[in-house]
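A quick write-up on the structure given underneath.
Predicted model only: the values in this text are computed from it and were never measured. Letters go in sequence order (proteins before strands), and every chain restarts at 1.
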Protein chains: 4
Amino acid sequence: MAQIDKAERRQQILAAARDVFAKRGYHAAKIDEIVAAAGVARGTFYLYFEDKRGIFEEIVDRAFARLGMAITRVDPAAPVEDQIKDNIRRIVGVLLEDKATTKILLSDAVGLDPGFDRKLLVFYEEVGKLLRESLTDGQALGIVAPGDAQILAVLAMGAMKEILYQVTMRDLALGEEEIVEAIYGFLSRGFLRV
Amino acid sequence: MAQIDKAERRQQILAAARDVFAKRGYHAAKIDEIVAAAGVARGTFYLYFEDKRGIFEEIVDRAFARLGMAITRVDPAAPVEDQIKDNIRRIVGVLLEDKATTKILLSDAVGLDPGFDRKLLVFYEEVGKLLRESLTDGQALGIVAPGDAQILAVLAMGAMKEILYQVTMRDLALGEEEIVEAIYGFLSRGFLRV
Amino acid sequence: MAQIDKAERRQQILAAARDVFAKRGYHAAKIDEIVAAAGVARGTFYLYFEDKRGIFEEIVDRAFARLGMAITRVDPAAPVEDQIKDNIRRIVGVLLEDKATTKILLSDAVGLDPGFDRKLLVFYEEVGKLLRESLTDGQALGIVAPGDAQILAVLAMGAMKEILYQVTMRDLALGEEEIVEAIYGFLSRGFLRV
Amino acid sequence: MAQIDKAERRQQILAAARDVFAKRGYHAAKIDEIVAAAGVARGTFYLYFEDKRGIFEEIVDRAFARLGMAITRVDPAAPVEDQIKDNIRRIVGVLLEDKATTKILLSDAVGLDPGFDRKLLVFYEEVGKLLRESLTDGQALGIVAPGDAQILAVLAMGAMKEILYQVTMRDLALGEEEIVEAIYGFLSRGFLRV
DNA sequence: CATGAATGAGTGTTCATTCAT
DNA sequence: GATGAATGAACACTCATTCAT
């Protein structure tokens, strides 16, 4: 079990932890099961991670970082439709690429404890802020409907989170592009025609 | 402590549990704190409830029941706008009326364990089914945009859940009617005008 | 195992802990052995005591309190010999009466950790202060040899501690009165006659 | 790290261990901190010492050896006062010269475990035996007060240990000669003049 | 019915020691 | 010899649940 690269060993444990957390949820996930899945000894775990919560936090932080990088600001000077679709496509891509982590993000990390709730809220707030600014820009140009940009941002995020939650948790059989189109259509036009 | 009605005693404990669960989250909520808040002895708790998970489940079940009763089917023969707004208004009303329970529903109950995840999924699926049917009816009448009704239903629920989650967790200062209008506007027209 | 008086239950556990600590030393004493000796369940221990260190500290504190009460100030106006002998007799009596606790005091509590070292030092300093004052009084009356009263106090305490340590740890077969006389003789006259 | 003498490397580790043991106490001293202080790798430690207890034992054994060599038998044919003072002076000198080790001896090694208690007892008994014989000789010559020589030996050692313990642990500001004189005065004449 | 003292299974974490390179 | 990554035995403590009074 000896000379693996240190970074590789971290990844190994991280991947095992991700799978166990996704399968069992945070509290039902036992260190024992994680190290068994990673094929390392109990003590090795603590060589690479502070504690159970620490590794969970790292999984979430990495996912947030990946997600953050998938999102880019919309430039209102250029055609927006493709930019928005690309954003949606990248977000959906990142989340569907690693469903275990997505389940952790959208399910296990929710309501874990006040500290974690804050972390989640902060991340969504950051995304919301970017979205809000884009919406405000768009409103100035008349390509976004008037209304409280913050609320619109929250609603848009909620819609996306839910569809991805359902796809992840229920294995709703939808192709990525289908999801992207549905989200885009919904955000752009809603669905009521009364 | 003598002459309290049995049902009243249940309520007392239930309310205490709800507050503690909302304040601490499921795992950090200790039976000790619940019984202290309810002003009963430890053993008394188990006279009224099977176990910790049992009382939590009852809180969630009651909330779901209340929520279910707030939702009524839209009759496409009559003017739909008011019917939809009424539905939204009732749902928002129920959830904002008891924020502790709403926090439990939208945060603590999420990712608790596979069994609970299923319960949540089932409830949202039931709501989604009703919504889907209404949407399908609407599509037949041309008052709902075409598209996969199931996805539309999921997106609509996600948007509503998120705004209420934010209002509950962040104390976003929004009036009920404001929320109702924002949701309705979003569902009906989206926000892009490109 | 039920309805014993709460104070009695504390005593029961305290006595068991004292025996185990005395037999094994602080670190080798396991909670398991203490509760087994006390005939209670693991959890019961924590119902009565904060933690392992807490019960140890209580044992030491109680011993110090008992010891403190055995010591009285010497009144230089009255004949001092009997007063001193009485003090020595009471101290020796208290320590030989419960050898397990004495072993804990003179052996296990020593060098446990910086916090405990301080507690010990503080206690001995208090005793030393009383002794020092008595010695200073005595020096004024010419019944105590001149010299740094603090050093004399320390030396006197050391002599007493050591003889009791040896009696406790080695079962040196000495009667109480023998010990008292030896200490008194030593303190009063030393042993060199050159 | 290459060309260091094997014996030198041992010394290096031994010195580091001594400092860490003195600073933290036996149990709070971690191998990690010792090897870090010594500037060697974890495994290297075990190349030079059996285990943690082994190195601790060696520190104590060496200290006892040094101490043993400082003590010489008093020849009753020659003037004893200087011989005794020289003995005290040498003992005090050895102990104050390396306060870290003295703290280990008088504090950390006490009550470590039954095995160590025995080692301490044996050493003090050996010293006590030598002292007892000197005292018995002295009693035959009338230069030592009558009384149980063993008890007198124990009392004398206790007095010395305590003053050195206090000087070491409390940084009692006393010069060596002051200490020597105080001890000698105390042993020779006690302090009561009633 | 109500009480609260007693229970004990369950688990995260530490750290001395080993051993492949 | 030297290294430091890996090991896993050991243990204090928590807290939901039970049950004698």
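The distance between atom CZ of D:F49 and atom C1' of E:dA16, rounded to the nearest whole Å, is 16 Å. What separates CZ of B:R53 from P of F:dT17 is a distance of 11 Å, to the nearest Å. Regarding C:D51, its CG atom lies at a distance of 17 Å from the P atom of F:dC11, rounded to whole Å. In this structure, B:Y46 atom OH and F:dA20 atom P are separated by 17 Å, rounded to whole Å. The CD1 atom of A:I13 sits 8 Å away from the P atom of F:dA6 (whole-angstrom rounding). Rounding to whole angstrom units, CZ of residue A:F45 and P of F:dT7 are separated by 14 Å. As rounded to whole Å, 10 Å separates atom P of F:dG1 from atom CZ of D:R9. Computed from coordinates, the D:Q12 CD to F:dG1 P distance equals 14 Å when rounded to whole Å.
A donor-acceptor contact under 3.5 Å links the side chain of A:R42 to the base of E:dT13.
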field: Bracket notation of DNA chain E in which parentheses pair within the strand, [ ] cross earlier pairs, and | pairs with another strand (Watson-Crick or G-U, under 3.5 Å)
entry: .||||||||||||||||||||
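The minimum heavy-atom distance between A:V20 and A:A29, with the atom names listed, is CG1-CB, 3.7 Å.
Within the 4.0 angstrom heavy-atom criterion, only backbone atoms of the sugar-phosphate kind lie near D:Y48; the bases stay farther away.
Counted within 6.0 Å of CZ on B:R53, heavy atoms from surrounding residues, nucleotides or ligands total more than 12; the atom is thus considered enclosed. Annotation: B:R66, atom CZ; neighbour count of heavy atoms from other residues, nucleotides and ligands within 6.0 Å is above 12.
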task: Might you work through the side chain to side chain contact (heavy atoms under 4.5 Å, CB included) test for C:I55 and C:R18, ending with a clear yes or no?
output: CA-CA 9 Å; C:I55 195 173; C:R18 178 203 56 197; over 6 Å; no
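Listed by residue number, there are no residues of residues 20-38 of chain B with a heavy-atom contact under 4.0 Å to DNA chain E.
Classification of the B:F64-B:Y124 ring pair by plane angle, with boundaries at 30° and 60°, yields perpendicular. The aromatic rings of B:F56 and B:Y26 sit perpendicular, their planes meeting at an angle over 60°, well past the 30° parallel limit.
Salt-bridge formation is detected for the pair B:R10/B:E58: a Lys NZ or Arg NE/NH1/NH2 atom is positioned less than 4.0 Å from an Asp or Glu carboxylate oxygen. Under 4.0 Å is where a charged nitrogen must lie from a carboxylate oxygen, and between C:D108 and C:R24 no such pair does.
Comparing C:K6 and A:K52 by the nucleotide of DNA chain E whose heavy atom lies nearest to each, the residue mapping closer to the 5' end is C:K6. Across the interface with DNA chain F, nearest-nucleotide mapping of B:E50 and D:G43 shows D:G43 to be the residue nearer the 5′ end. The 5' end of DNA chain E is approached more closely, in terms of each residue's nearest nucleotide, by C:L47 than by the other of C:L47 and D:T44.
A cation-pi contact, defined as under 6.0 Å to the ring centre and within 45° of the axis, is absent between B:K52 and B:F21.
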